[in-house]
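Here the structure is laid out as structure tokens; the discussion comes afterwards.
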Amino acid sequence: MTDKTHDAKPSRRQFLAGAAAVGAGAVAGGSASAATPDPLITQVQDWASGLGDGVDATPYGLPIQYESDVVRRNVEWLTADTISSINFTPIHALDGTITPQGCAFERHHSGAIELRKEDYRLMINGLVDTPLVFTYADLERFPRENRVYFCECAANSGMEWAGAQLNGAQFTHGMIHNMEYSGVSLRTLLEEAGVKPEGKWVYVEGADASSNGRSIPLEKAMDDVLVAFKANGEALRKEHGYPVRLVVPGWEGNMWVKWLRRVEVMDQPVESREETSKYTDTLANGVSRKWTWEMDAKSVVTSPSPQAPITHGPGPLVITGLAWSGRGAIAGVDVSLDGGKNWQEARLAAPGTDKALTRFYLDINWDGSEMLLQSRARDTSGYVQPTKAQLREVRGLNSIYHNNAIQTWWVKANGEAENVEVS
Ligand code: MTE
Ligand code: CO
């Protein structure tokens with residue numbers, strides 16, 4: 001159908017298109033405008049002149065080649081050998097809250113193992129009425145739950161205790177991922193075995209050489225812990241514990257045992273390597289805090305940030321980041337543009353949910369001047385994320401783990417950003 005009015009006078013549609021082009025110019029710095037014809041608009045492009053790929057070109061889909069920089073990365077000096085390794089989630093390049101498994105950080109103490117479902121066994125023993133061994137197929141027959149939770153390594157931001165060091169949100173805060181887990185409640189399995197009255201703890205261990213054994217109080221084990229076999233709808237990846245891992249909501253990542261093989265009900269904690277010499281915090285007086293299971297409220301601006309500089313001039317700017325708390329849901333996030341002198345409340349993309357990442361946005365009209373960008377999380381327990389100075393006052397400078405301090409990015413007038421500390 002032809003629009004007869006089209007040539008005679010500007011139609012409403014042309015007016016809107018023109019307005020959109022001018023509007024886009026104002027926001028993006030003006031590559032498109034009605035005055036200079038844009039070949040991407042006016043000319044037929046190669047991709048519209050023939051067929052694209054057939055649907056079966058890649059049976060299991062991968063990101064388009066243009067997104068090949070959205071990947072996990074290492075910090076070389078942290079990863080001396082490949083079997084005791086760590087890599088980082090590219091949080092600076094993701095949006096929303098769900099971490100795709102393909103770019104979720106990994107931490108292995110003795111390498112990622114390959115375990116077939118057929119060879120999988122889970123034993124529940126110790127202070128139970130009936131010791132039990134489950135196959136993978138057995139686990140699939142228990143009532144299932146689906147829940148989104150974050151998993152944060154206790155060492156996340158650990159390299160920043162002594163001062164600003166790593167230049168990028170991926171490296172300072174990327175030992176975290178947030179997935180939707182499908183699995184069976186650990187409580188269901190423990191009830192199946194029948195916990196004896198003397199049972200007060202469980203000791204959980206994995207099938208890898210490190211075993212990564214940890215003690216968990218029975219109260220938590222009977223609360224929200226999941227024996228999970230799916231993440232974001234699909235089977236766990238090998239590196240995240242295929243076929244079965246433990247999900248310990250809100251608690252340090254080390255307790256999320258991968259390749260879960262045994263749950264022993266005990267009357268006391270084991271005090272294993274992973275909960276004594278590791279994952280404890282040595283205070284200024286040399287005494288180590290015994291256990292820090294819950295991950296305190298924390299947040300970080302993911303963009304702009306050193307790996308995600310501002311690439312446009314003054315005007316509308318989207319500031320965004322992530323917030324989370326192991327003690328409940330995020331109640332609110334404040335953002336400061338001047339190193340913590342003034343704060344404004346960010347917009348939460350969705351109301352915070354229990355022990356899961358929350359996405360926040362602050363849409364500002366950037367005047368083009370430099371900023372000391374910070375975010376500060378508040379959770380439903382009333383806790384407010386501390387500054388580095390406040391945290392150091394309580395914890396001293398010996399700690400490696402559990403650094404949840406406010407992060408500062410120095411965003412310069414040219415849009416580049418740097419990791420700094422303000423005092
Ligand atoms: N479980 C086993 N069996 N072996 C391990 O090395 N690493 C732990 C934990 N569970 C580990 C494990 C640590 S320190 C963390 S932070 C998380 O797994 C990391 O989980 P991810 O590799 O899925 O990110
Ligand atoms: Co860890």
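We're numbering straight along the sequence, starting at 1. Keep in mind that what you see is a predicted model, and the values were worked out from it rather than measured. As the structure lists them, so they are numbered: ligands from 1, and atoms in each ligand from 1.
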Can the ring centres of [X] and [Y] be said to be less than 6.0 Å apart?
X	Y	answer
Phe142	Phe134	yes
Trp201	Trp291	yes
Tyr181	Tyr149	no
Tyr279	Tyr401	yes

| query | Does Arg245 come within less than 4.0 angstrom of ligand 1, counting non-hydrogen atoms of the residue? | reply |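 Distance cut 4.0 Å: Arg245 passes for ligand 1.
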| request: Decide whether the shortest distance between a heavy atom of Ala104 and an atom of ligand 1 is less than 4.0 Å. | output: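 No, that is not the case, since the closest heavy atom of the residue is not under 4.0 Å from the ligand.
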What residue and atom, counting heavy atoms only, is the protein's closest point to [atom], and at what distance?
atom	value
atom 5 (C) of ligand 1	His109 ND1, 3.5 Å
atom 14 (S) of ligand 1	Tyr279 OH, 3.1 Å
atom 7 (N) of ligand 1	Arg107 O, 3.2 Å
atom 22 (O) of ligand 1	Lys258 NZ, 2.5 Å

Show which atoms of ligand 1 fall inside a sub-4.0 Å distance from at least one heavy-atom site of [X].
X	result
Glu239	22 (O)
Trp259	2 (C), 3 (N), 4 (N)
Glu106	22 (O), 24 (O)
Val257	1 (N), 10 (N)
Gly253	9 (C), 13 (C), 15 (C), 16 (S), 17 (C), 18 (O)
His108	6 (O)
His177	21 (P), 23 (O), 24 (O)

If you measure only the distance, is there a donor-acceptor pair under 3.5 Å linking the side chains of [X] and [Y]?
X	Y	value
Glu234	Tyr60	yes
Ser210	Asn212	no
Thr408	Gln374	yes

Taking [X] first and then [Y], would you say they form a salt bridge - that is, a charged N and a carboxylate O separated by under 4.0 Å?
X	Y	value
Arg378	Glu345	yes
Arg147	Asp354	no
Asp338	Lys341	no
Lys290	Glu275	no
Lys200	Asp267	no

Is [X] touching ligand 1 with its side chain, its backbone, both, or neither, if touching means heavy atoms under 4.0 Å apart?
X	value
Glu252	neither
Cys153	both
Trp256	backbone
Asn254	both

| request: Give yes if a backbone or side-chain nitrogen or oxygen of Asp208 is under 3.5 Å from a nitrogen or oxygen of ligand 1, and no if not. | output: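 Between Asp208 and ligand 1 (N or O atoms, distance only) the closest approach is under 3.5 Å.
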| Does Lys412 make a cation-pi contact with Trp410 (under 6.0 Å, within 45 degrees of the axis)? |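 Here Lys412 passes the 6.0 Å and 45° test against Trp410.
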| field | Of the listed options Ile113, Val204, Asn212, closest to atom 12 (C) of ligand 1 (non-hydrogen atoms) | value |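 Among Ile113, Val204, Asn212, the closest heavy atom to atom 12 (C) of ligand 1 comes from Asn212.
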| request: Could you tally the protein N/O/S atoms lying less than 2.8 Å away from the Co ion (ligand 2)? | output: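 Under the 2.8 Å cut-off, the count stands at 1.
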| message | Can you tell me how the ring of His108 sits relative to the ring of Trp259, calling it parallel under 30°, perpendicular over 60° and tilted otherwise? | response |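 Geometry flag for Trp259 against His108: tilted rings.
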| task | Evaluate the salt bridge (Lys or Arg N to Asp or Glu O under 4.0 Å) criterion for residues Glu152 and Lys298: first the C-alpha distance (whole Å), next the side-chain angles of each, then the deciding distance (0.1 Å), finally the verdict. | result | CA-CA 11 Å; Glu152 183 185 18; Lys298 188 166 165 180; 2.8 Å; yes
